[in-house]
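Convention: sequence-line order gives letters A, B, ...; per-chain numbering from 1. Keep in mind it's a predicted model, so treat the numbers as computed, not measured.
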Amino acid sequence: MIKEQLAEVISDALKIAKTNGTLALETLPEVVLEMPKSRAHGDWATGVALGLARTLGMPPRDVAATIVGLLPIGGDSLIAKADIAGPGFINLTLRSDWLADILRRIEAQGAAFGQSHTGAGQSIVIEFVSTNPNGPITVAGGRNAAIGDTMASLLTATGYRVSREYYINDALNSVQMNNFGKSVFFRYRELLGHSGQEWDEMYRGEYVADVAREVLEKDGTAYENADIDDPQTTHIFRELSEAGMIAQQKTDLEAFGVVFDTWFSESSLHSDGRVKAAIDEVTRRGFTYEKDGALWLKATEFGDDKDRVLMRADGTPTYIAGDLAYHKDKFDRGFDRAINVWGADHAGYISRTKAGIAALGYDPNRLYVLLYQLVNIVKDGEVVMSSKRKGNILELKADLIEEIGKDAARFFFLMRSPHSTLDIDINLAKKTEKDNPVYYVQYAYARIAQAIQKARDEKNAAVPLAADANLSLLTEETEATLIKKLSELPDEIALSAAEYAPQRLVQYARDLAAVFHSFYDAGNRSPALRVVCDDPETLKARLVLVSATQTVLRNTLTLLGLSAPERM
RNA sequence: GGGGACGUAGCUCAGUGGAUUAGAGCGUCUCCCUGCGAAGGAGAAGGCCGUUGGUUCGAAUCCAAUCGUCCCCUCCA
C-alpha cells in the first residue's frame with residue numbers, strides 16, 4: 001500500500017543520510033506515517049524526525065530538513081511536496097493521481113481488498129462459546145460468539161489458517177447432568193399426559209421442554225413407563241438430553257451466523273486415554289507429586305499462585321487435567337497457536353492453564369486467552385441475576401436475535417471493546433431497534449446500490465472499469481476524503497487482528513459510512529455533485545468511486561458477520 | 001490480602017506517544033426533503049480524559065502511587 005511505499009522512500013533517505021554521515025544513525029528507525037486530520041497538513045505526515053532528534057542531539061526541525069533534502073520530490077516521484085511543520089513534522093503532499101491508484105487497486109483486488117499475509121503459513125485454533133450442555137446459548141454467550149467469530153475472520157483475513165472450535169463440556173459432574181436429564185424426563189412424561197413432578201434442583205427453563213419434545217419426536221413413547229431412578233434410564237436420559245441440548249445450541253449459533261469447524265468432546269479425552277496420557281507425561285517430566293491422596297501439578301514452578309490437583313483422592317481426574325489433555329491435543333493436531341475466548345470470571349484460570357502447558361513441554365506463549373468482560377442484562381432498570389436451574393436466563397436466540405435481528409445483535413456486541421463491561425438493557429434494545437447504528441452502515445451500502453441502479457435506469461450507464469473512466473475528475477474535497485478512507489481498510493484489519501480488537505473494525509465501518517453519507521448528501525444540495533449527474537464523464541468517474549466504496553463496505557460488513565443489503 | 005479489567009461530554013462508549021480544535025451515538029438546541037429513499041446531511045452547546053507525581057521537545061495514551069467500580073482467588077466445571 002501507499003503507506004508502506006512512503007515509509008520505504010523515507011527509509012531510503014535515512015539510509016543515505018546514515019551512509020554519508022549527515023545523520024549519525026546507528027540503526028534505522030521505524031517510520032510511522034499517518035493521515036493528518038486537516039488537509040492543510042498534507043496527505044501524509046511523519047514525526048520520525050522528532051524521535052531521532054534526541055539520540056542525534058540535533059534540533060528536530062534540522063533533522064527533518066536533512067531528511068526532506070534527501071527525498072525524491074516532483075517528477076515521477078510519488079511525493080509532490082514535503083513541508084516541515086510545527087516542532088519537526090514532515091508533511092507530505094502526494095502526486096495528484098495517487099487517489100486514483102487506490103480506486104484501481106480496490107477494483108483489481110475486489111473481495112480480497114483489505115487482506116494481508118502476516119500470518120501466512122501459520123495455523124490457529126480459536127476456541128469460543130463452549131457453553132455447558134445443560135442450557136441454551138445465553139445473551140451473555142452471544143458476546144463470546146460474536147467476538148470469537150469475528151476474531152477468526154480477522155485472523156483469516158491477515159493470512160492465518162484458522163479453525164473455529166467448540167469445546168463441549170460433556171464430562172460435567174454427574175450430579176448436574178443427571179439432574180438435567182431427570183428434568184427432561186419429567187417434561188417428557190408431561191407431554192405424554194402424565195402429571196409433572198417438582199423438586200428443588202430441577203431445571204425449569206422452557207428449553208427443557210423443547211429438549212423433551214425432541215426426545216419424543218425421535219424415540220416416541222419408548223420411555224413412557226421407565227423408572228428415572230434406575231441407573232440405566234438415568235444414563236439414557238442424560239445422553240439424550242445432552243445431545244438434544246447441543247443440537248439446540250448449534251441451531252442458536254447458526255441463527256447468529258456462527259458455524260464451527262469442530263465440535264470437540266471433552267469426554268472423548270477421558271474415554272480414549274488422552275487425559276491419562278497427559279497426566280503421565282507431566283509426571284514423567286517430574287512436575288507432579290502426591291499429597292493427601294491426590295496427585296498435584298507443580299503449577300507454582302511455572303508462575304501460578306498455587307499448585308493444582310490433577311487427580312482427586314478418589315482417583316477421578318479434575319477439569320484441569322482434561323484441559324491439559326485438550327491443549328496438548330490442539331498442539332499435537334498441528335496448530336501453531338491456540339486462542340481461547342473466555343469471560344472475565346475465568347481470568348484466574350489463565351495462569352494455571354499456561355502452567356500446565358509449560359509442564360507438558362510446550363511454550364505457554366502459544367496460547368493466548370482473549371478475555372472479555374461480563375455482560376449485565378438490565379431489565380426494568382435492574383441487573384437481572386440469571387440461573388439455568390430457575391429458568392430465568394435470557395436466551396441469545398429467543399430474547400435477542402428474534403427481537404432485534406442478527407445484524408443488530410452482532411453489531412451491538414462488537415462495537416464495544418472486549419475489555420469493557422457491557423450492559424444490555426433488554427427493553428431499550430427492543431425499543432430502539434431502528435436507532436441501532438448498524439443500520440447507519442448498511443444504509444450507506446443500500447444507498448450505493450440504489451444509485452447504481454438509478455444510473456442504469458436513467459442514464460443507461462453501468463459501472464465502468466477504472467481504466468475506462470477519467471478519475472482525475474474526482475476533485476471534490478468529499479471525494480478525496482472518501483477515497484482516503486477507503487485506503488485505510490488494510491491497516492484497520494491488520495490492527496484489529498493484531499490487537500484482538502474487533503471494535504476497531506466496527507469503528508472503521510461507522511467512519512466510512514459517515515464519510516460516504518457526507519459525500520452523498522452533498523448531491524442533495526447541488527445536483528452537479530450527485531453520483532447520477534448530467535456530465536457523462538463525471539458520472540463514470542463517480543460510479544467507479546461508489547463501486548469501490550461498495551466493495552470496501554461489503555468486505556468490512558462480511559468480516560463482521562453482517563449482511564450487506566441492496567435495499568432496506 | 002493477591003491477581004485481572006475499567007474510570008474520557010448529561011447518558012452509553014471509541015481513541016496506534018504528537019500539530020491552534022480529544023471524537024461518535026443517544027439526549028438538548030438551530031437549519032436542510034415536490035426526493036440520487038431524511039434509516040441521511042450541515043451546525044451549536046456540553047470535557048482540568050478519576051487524582052497526584054514521574055519520563056519526554058510533547059502524555060487521555062508510557063511508568064509509579066492513590067481513590068472508586070466490577071470480576072476471580074474449590075480435590076466445581
> When all nucleic acid strands are considered with a 4.0 Å heavy-atom cut-off, which category describes A:Arg308: base, sugar-phosphate, or nothing?
Replying inline: nothing

>> Under 4.0 Å, heavy atoms only, any strand: does A:Leu50 hit a base, just the sugar-phosphate, or nothing?
In response: base

> Side chain of A:Asn524, base of B:A38: donor and acceptor closer than 3.5 Å?
Replying inline: no

>> For B:C72, does the base pair up with any side-chain atom of A:Tyr349 as donor and acceptor (N or O, under 3.5 Å, distance only)?
In response: no

>> Between B:A39 and A:Tyr440, is there a base-stacking contact, meaning the centre of the base's six-membered ring lies under 5.5 Å from the residue's ring centre while the planes stay under 30° apart?
In response: no

>> Taking any heavy-atom pair under 4.0 Å as a contact, classify A:Arg530: base, sugar-phosphate, or nothing.
In response: base

>> By the 4.0 Å heavy-atom rule, please label A:Gln450 as base, sugar-phosphate, or nothing.
In response: base

>> Need one value for A:Ala45: base, sugar-phosphate or nothing, where a base atom within 4.0 Å counts as base even if backbone is also close, heavy atoms only.
In response: base

> To the side chain of A:Lys306, which of B:A19, B:A42, B:U74 is closest?
Replying inline: B:U74

> With distance as the sole test, does A:Arg352 use its side chain to make a donor-acceptor pair with the main-chain N or O of A:Asp304 at under 3.5 Å?
Replying inline: no

>> Can you tell me if A:Thr318 touches the phosphate of B:A77, counting only side-chain N or O atoms and a distance under 4.0 Å to OP1 or OP2?
In response: no

> Could you give the CD-to-C1' distance, from A:Glu34 to B:G18, as a whole number of Å?
Replying inline: 7 Å

> Can you tell which of B:G40, B:A14, B:C75 lies closest to the side chain of A:Ser417?
Replying inline: B:A14

> Mapping A:Gln503 and A:Asp307 onto RNA chain B by nearest heavy atom, which one lands closer to the 5' end?
Replying inline: A:Gln503

> If we ignore angles and hydrogens, is there a donor and acceptor under 3.5 Å between the side chains of A:Arg416 and A:Ser420?
Replying inline: no

> If only side-chain N and O atoms of A:Ser420 are considered, is one of them under 4.0 Å from the OP1 or OP2 phosphate oxygen of B:U12?
Replying inline: no

>> Regarding A:Ser351, tell me which of base, sugar-phosphate or nothing describes its non-hydrogen contacts under 4.0 Å with the strands shown.
In response: nothing

> Base, sugar-phosphate, or nothing: which does A:Asn91 touch, judged by heavy atoms less than 4.0 Å apart?
Replying inline: base

>> By the 4.0 Å heavy-atom rule, please label A:Asp292 as base, sugar-phosphate, or nothing.
In response: base

> When all nucleic acid strands are considered with a 4.0 Å heavy-atom cut-off, which category describes A:Arg447: base, sugar-phosphate, or nothing?
Replying inline: sugar-phosphate

>> Between C1' on B:C70 and CG on A:Leu371, what's the gap in Å once rounded to a whole number?
In response: 14 Å

> Ring centres of A:Phe287 and A:Phe302 under 6.0 Å apart?
Replying inline: yes

>> With syn defined as a glycosidic angle within 90° of 0 and anti as the rest, where does B:C33 land?
In response: syn

> Can you find a donor-acceptor N/O pair under 3.5 angstrom joining the side chain of A:Asp521 to the base of B:G40?
Replying inline: yes

> So, A:Ser563 versus A:Asp407: side-chain donor-acceptor pair below 3.5 Å or not?
Replying inline: yes

>> I'd like to know if the side chain of A:Thr300 reaches the main chain of A:Asp307, judged simply by a donor and an acceptor atom lying under 3.5 Å from each other, with no hydrogens or angles considered.
In response: no

>> So, does A:Tyr520 get its side chain near the phosphate of B:G37, meaning an N or O under 4.0 Å from OP1 or OP2?
In response: yes

>> Please report the distance, rounded to the nearest Å, between CE in A:Met568 and P in B:A38.
In response: 13 Å

> With respect to the side chain of A:Asn169, which nucleotide from B:A77, B:G37, B:U16 is positioned closest?
Replying inline: B:A77

>> Between A:Ala451 and A:Ala313, which residue's closest nucleotide on RNA chain B lies nearer the 5′ terminus?
In response: A:Ala451

>> It should be established whether A:Tyr443 places a side-chain nitrogen or oxygen under 4.0 Å from OP1 or OP2 of nucleotide B:A38.
In response: yes

>> Suppose we define a pair by two distances each less than 3.5 Å, Watson-Crick or G-U wobble; what does B:G53 pair with here?
In response: B:C63

>> Measuring to OP1 and OP2 of B:C76, would you say a side-chain N or O of A:Arg312 lies under 4.0 angstrom away?
In response: yes

> Taking the six-membered ring for Trp, are A:Tyr167 and A:Phe264 parallel (under 30°), tilted (30 to 60°) or perpendicular (over 60°)?
Replying inline: tilted

>> Counting only side-chain heavy atoms from C-beta out, which of B:A42, B:C75, B:U16 sits nearest to A:Ser518?
In response: B:A42

>> Is the distance from the ring center of A:Tyr443 to that of A:Tyr439 below 6.0 Å?
In response: no

